[in-house]
Amino acid sequence: MRLSQYFIPTIKENPSEAQIVSHRLMLRAGMIRQSSAGIYIWLPTGLRVLNKIADIVREEQDRAGANELLMPTIQPAELWQESGRYDAYGKEMLRITDRHDREMLYGPTNEEMITDLFRNSIKTYKNLPLSLYHIQWKFRDEVRPRFGIMRGREFLMKDNYSFDLDFEGAKASYNKMYVAYLRTFARLGLVAIPVRADAGAIGGDLSHEFQILADTGESTLYYDKGIESFDLASLTGDIDDETVAKLQSYYAMEEEKHDADNCPVPVEGLKTAKGIEVGHIFYFGTKYSESMGAKVAGPDGKEVPVEMGSYGIGVSRLVGALIEANHDDNGIIWPEVVAPYKVGLINLRAKDENCTAACDALYNKLLSADIEVLYDDRDAGAGAKFADMDLIGLPWQIIVGPKGIEKGILEFKNRRSGERVELTENELLVKLG
RNA sequence: CGGGGAGUGGCGCAGCCUGGUAGCGCACCUGUUUUGGGUACAGGGGGUCGCAGGUUCAAAUCCUGUCUCCCCGACCA
């Protein structure tokens, strides 16, 4: 993409409303714009990152055997009246009345709808286990949205729902997601600590929160540092129960629930860090299947309410969380897997014909090699270009100026380390390929 | 929902106390200049001062109401 044709309104100064670094950088790098409190417009680069994260989440869900579908954002109130949550949910739920005076709501989550779908479609244990998910916008009318898209009212969430005949099955489904989550976050280059959690408003007794480590996190964690030594990214195929049990045996608690006196981990094995919650998984049994009559026939022919669990990942929140974990004073530093583009090409002298011809040619070569490139072809000062490119945070930068052209070399910069090397065009193409 | 703060060109702000023709920096447009870390100079465009009432000869400024946004705290992917 040529920057001269791109919509990426960067801002030099810090917007006064942005308090945390990810919010500030997302506004400054032209990724988002606020529409109203807790509701954002996703601009081209922001959207690209959001989609890349969603793709990784999707791949890992699919790998775990889940089925993707798409439920609507607007739901009928009746389903929620059936489960009893229409009253329980309170003001956080955005309620809407349509032209026929029918009560509707903008979904904050989808347990009711998926349970309704299930009960209308599945009647026998032979169709279990079943795992259904979608990646859809949610709305929770938070009293005080803040931190940009990290705590917005409208947010993109992957929510998965599992259906099993009995507790053993449900637990297996739960563990499958547990592993899928660790894999997902590992692929994003994040250290995610699974913290034992209360099941909270959704109810149930088996629950973990996934907290990624970042200095600006909202919660303080205490955990057994042994868990960090697990190389989750390299785990493939089915992970045996033993490994899962081992993983889940590692101690990890939020500050409020951490009891220093009775902690099973000795002080020297304990680490403390700030975390951002990016995922939450629950087993909640028959809470909804009972109230909504989602039953299946077992092998004995008797109908039983189906055992369920639900599993959320805050996809839009992950964009912010990734920035919290990957930035410096100059801007964002994207991990390659989610970077809006892999490389930025800077033409230092757009008015110089030779320089521009060389840049144009290189740009076309990169495009035909399927390398995602953002080409700064604007007629602007070098300083402005460097600053913008650092702010946007692509993992690699190619810097082309008249000096280098004369010598037949390009500069290749690593955004994270700041290291610059001089390469010929061929060497560069090999490196990026 | 409790406490605090703010709404003035795209962004950041001053002006308000003490009413009297709306200003600064950045950004933007034109020209010249500069060219490896946000160049410099000159000229230019853009604002019913959140909205609605009220007081006054006169309101960004004073009064009342209202909306929105932000921050701290309690709650959430």
Side-chain angles (χ1 to χ4, degrees), chain A residues 9-20 23-24 27-28 30 33-39 53 57 89-93 107-110 135-160 181 184-185 192 197-198 200-202 207-212 218-219 256 275-282 310-321 329-331 346-352 355 376 378-391 397 399-406 410-411 413 418 420 422:
Chain A
T10 57
I11 302 171
K12 198 157 137 186
E13 289 161 292
N14 273 324
S16 62
E17 77 267 20
Q19 295 301 306
I20 63 164
H23 188 194
R24 221 162 40 223
L27 289 166
R28 288 195 49 212
R33 281 293 111 102
Q34 178 165 317
S35 169
S36 55
I39 301 177
I53 294 170
V57 169
Y89 222 93
K91 286 190 152 187
E92 288 228 322
M93 185 150 76
T109 177
N110 288 65
I135 298 174
Q136 177 64 292
W137 292 92
K138 307 287 188 289
F139 195 92
R140 291 183 193 169
D141 200 357
E142 300 270 347
V143 208
R144 180 148 109 85
R146 60 183 125 174
F147 304 143
I149 47 99
M150 296 273 278
R151 181 100 70 96
R153 292 193 290 173
E154 187 183 53
F155 56 96
L156 187 63
M157 181 164 120
K158 184 284 302 178
D159 41 324
N160 180 305
Y181 272 42
T184 303
F185 299 127
D198 281 344
I202 297 184
S207 175
H208 284 90
E209 279 176 8
F210 290 80
Q211 302 260 0
I212 68 117
E218 285 188 84
S219 33
E256 302 75 54
I276 300 170
E277 186 184 354
V278 290
H280 202 155
I281 60 178
F282 299 91
S310 77
Y311 316 89
I313 290 180
V315 177
S316 48
R317 174 178 284 187
L318 271 169
V319 180
D329 289 345
N330 294 326
I346 299 178
N347 181 352
L348 283 179
R349 202 77 59 82
K351 276 188 174 154
D352 180 311
C355 192
D376 192 345
R378 296 172 303 173
D379 178 21
K385 293 190 173 195
F386 287 135
D388 265 347
M389 203 55 90
D390 283 350
L391 175 62
Q397 295 174 14
I399 301 157
V400 182
K403 290 178 195 167
I405 303 258
E406 272 179 41
L410 312 157
E411 248 175 279
K413 174 178 160 184
R420 292 165 178 238
E422 298 197 332

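Side-chain atoms are counted along with the backbone in the values below, which use heavy atoms only and exclude waters and symmetry mates. Naming: A, B, ... by sequence-line order, numbering from 1 per chain. Worth saying up front: this structure is predicted, and the values here are computed from it rather than measured.
- Nucleotide B:C75 has no partner under the Watson-Crick or G-U criteria, as no pair reaches both atom distances under 3.5 Å.
- As rounded to the nearest Å, B:A22 and B:G46 have C1' atoms that lie 13 Å from one another.
- With both ends at atom P, the span from B:G31 to B:G50 equals 36 Å, rounded to whole Å.
- Contact annotation for A:G152: base contact, defined as any heavy-atom pair under 4.0 Å involving a base atom.
- Distance CG/A:L318 to CG/A:L156: 10.0 Å, rounded to 0.5 Å.
- Of the nucleotides present, B:G5 is the one that pairs with B:C69 by Watson-Crick or G-U wobble criteria, both distances under 3.5 Å.
- If you take atom P in B:C67 and the same atom in B:G47, they sit 29 Å apart, rounded to whole Å.
- The P atoms of B:A60 and B:G2 are separated by 33 Å, rounded to the nearest whole Å.
- Each of A:S35 and A:R151 was matched to the nucleotide of RNA chain B holding its nearest heavy atom; the match closer to the 5' end belongs to A:S35.
- Between the P atom of B:C1 and the CG atom of A:D141 lies a distance of 10 Å, rounded to the nearest Å.
- Using a 4.0 Å heavy-atom criterion, one finds that A:G279 contacts the sugar-phosphate atoms exclusively.
- Counting any heavy atom pair closer than 4.0 Å across all strands shown, A:K138 reaches no nucleic acid atom.
- Residue A:R349 has its side chain nearest to B:U35 when only B:U35, B:G38, B:C75 are considered.
- Nucleotides B:U61 and B:G20 have their P atoms positioned 10 Å apart, rounded to a whole Å.
- Rounded to an integer number of Å, the gap from CD1 of A:I405 to C1' of B:U35 is 15 Å.
- The pair A:K91-A:D141 fails the salt-bridge criterion, with no side-chain N (NZ, NE, NH1 or NH2) lying under 4.0 Å from an Asp/Glu carboxylate O.
- Using Watson-Crick or G-U wobble geometry with both donor-acceptor distances under 3.5 Å, B:G20 finds its partner in B:C57.
- Base pairing of B:G46 is not made with any nucleotide, judged by Watson-Crick or G-U wobble geometry with both donor-acceptor distances under 3.5 Å.
- Proximity of A:S16 to the phosphate of B:C13: a side-chain N or O atom is located under 4.0 Å from OP1 or OP2.
- Within 4.0 Å (heavy atoms only), A:D352 reaches no atom of the nucleic acid at all.
- A:D159 comes within 4.0 angstrom of no nucleic acid atom, judged by non-hydrogen atoms across all strands.
- For B:G25, the paired base is B:C11 (Watson-Crick or G-U wobble, both distances below 3.5 Å).
- Annotation: B:C29 and B:C75 have their P atoms spaced 49 Å apart (nearest Å).
- B:U55 and B:C71 have their C1' atoms separated by 34 Å, with the value rounded to a whole Å.
- When each of B:A74, B:G12, B:U34 is scored by its nearest atom to the side-chain atoms of A:K351, the top-ranked nucleotide is B:U34.
- Each of B:C69, B:C71, B:A77 was ranked by its minimum atom distance to the side chain of A:Q19; first place goes to B:C71.
- Summarising the geometry, the separation between CD on A:Q211 and C1' on B:C76 is reported as 12 Å, rounded to the nearest angstrom.
- Using a 4.5 Å cut-off on side-chain heavy atoms (C-beta onward), A:R151 and A:E218 make contact.
- Stacking between A:F386 and the base of B:G36 is absent under the criterion of ring centres within 5.5 Å and planes under 30 degrees.
- Counted within 6.0 Å of CD on A:E256, heavy atoms from surrounding residues, nucleotides or ligands total more than 12; the atom is thus considered enclosed.
- Taking the side chain of A:E411 as heavy atoms from C-beta on, and the options B:G36, B:C69, B:A74, the nearest nucleotide is B:G36.
- Following rounding to the nearest Å, A:E13 (CD) and B:G12 (P) show an atom-to-atom distance of 8 Å.
- As judged by a 4.0 angstrom heavy-atom cut-off over every strand, A:A384 is placed among the base-contacting residues.
- The pairing partner recorded for B:U35 is none, the criterion being a Watson-Crick or G-U wobble arrangement whose two distances lie under 3.5 angstrom.
- In this model, no side-chain donor or acceptor of A:R146 finds a partner on the base of B:C72 within 3.5 Å.
- At whole-Å resolution of the value, CZ in A:F147 and C1' in B:C72 are 10 Å apart.
- A heavy-atom distance below 4.5 Å is found between the side chains of A:F139 and A:I39.
- Just one residue in the list A:N347, A:I346, A:D388 forms a side chain to side chain contact (heavy atoms under 4.5 Å, CB included) with A:R378, and that residue is A:D388.
- At a cut-off of 3.5 angstrom, the base of B:G37 holds at least one donor-acceptor pair with the side chain of A:D390.
- Contacts of A:E277 with the nucleic acid, taken as non-hydrogen atoms under 4.0 Å apart, involve only primed sugar atoms and P, OP1 or OP2.
- Of the candidate nucleotides B:G12, B:C70, B:G38, B:C70 has the atom nearest to the side chain of A:A37.
- Atom CD1 in A:I39 sits roughly 13 Å away from atom C1' in B:U68 (whole-Å rounding).
- The base of B:G4 lies outside donor-acceptor range of the side chain of A:R144, with no N or O pair under 3.5 Å.
- When heavy atoms are screened at a 4.0 angstrom cut-off, A:V143 is found touching base atoms of the nucleic acid.
- Among the nucleotides B:G36, B:C26, B:A77, the one closest to the side chain of A:K12 is B:C26.
- Taking every side-chain heavy atom of A:I399 into account, B:G36 is the closest of B:C76, B:G38, B:G36.
- Contact check for A:K138 versus A:E154: no side-chain heavy atoms found under the 4.5 Å cut-off.
- Both A:I313 and A:K385 lie near RNA chain B, and the one whose nearest nucleotide falls closer to the 5' end is A:K385.
- Rounded to a whole Å, the NZ atom of A:K91 is 14 Å from the C1' atom of B:G2.
- Contact of the A:I399 side chain with the A:R420 side chain is registered, since non-hydrogen atoms from C-beta on lie closer than 4.5 Å.
- Nucleotides B:U30 and B:G45 have their C1' atoms positioned 10 Å apart, rounded to a whole Å.
- The separation between A:Q34 atom CD and B:G7 atom P is 17 Å, rounded to whole Å.
- Residue A:K413 places no side-chain atom within donor-acceptor reach of the base of B:G36, judged by atom type and a 3.5 Å distance cut-off alone.
- Set against B:G36, B:C69, B:C76, the side chain of A:R420 has B:G36 as its closest nucleotide.
- No side-chain heavy atom of A:I212 sits under 4.5 Å from any side-chain heavy atom of A:R317.
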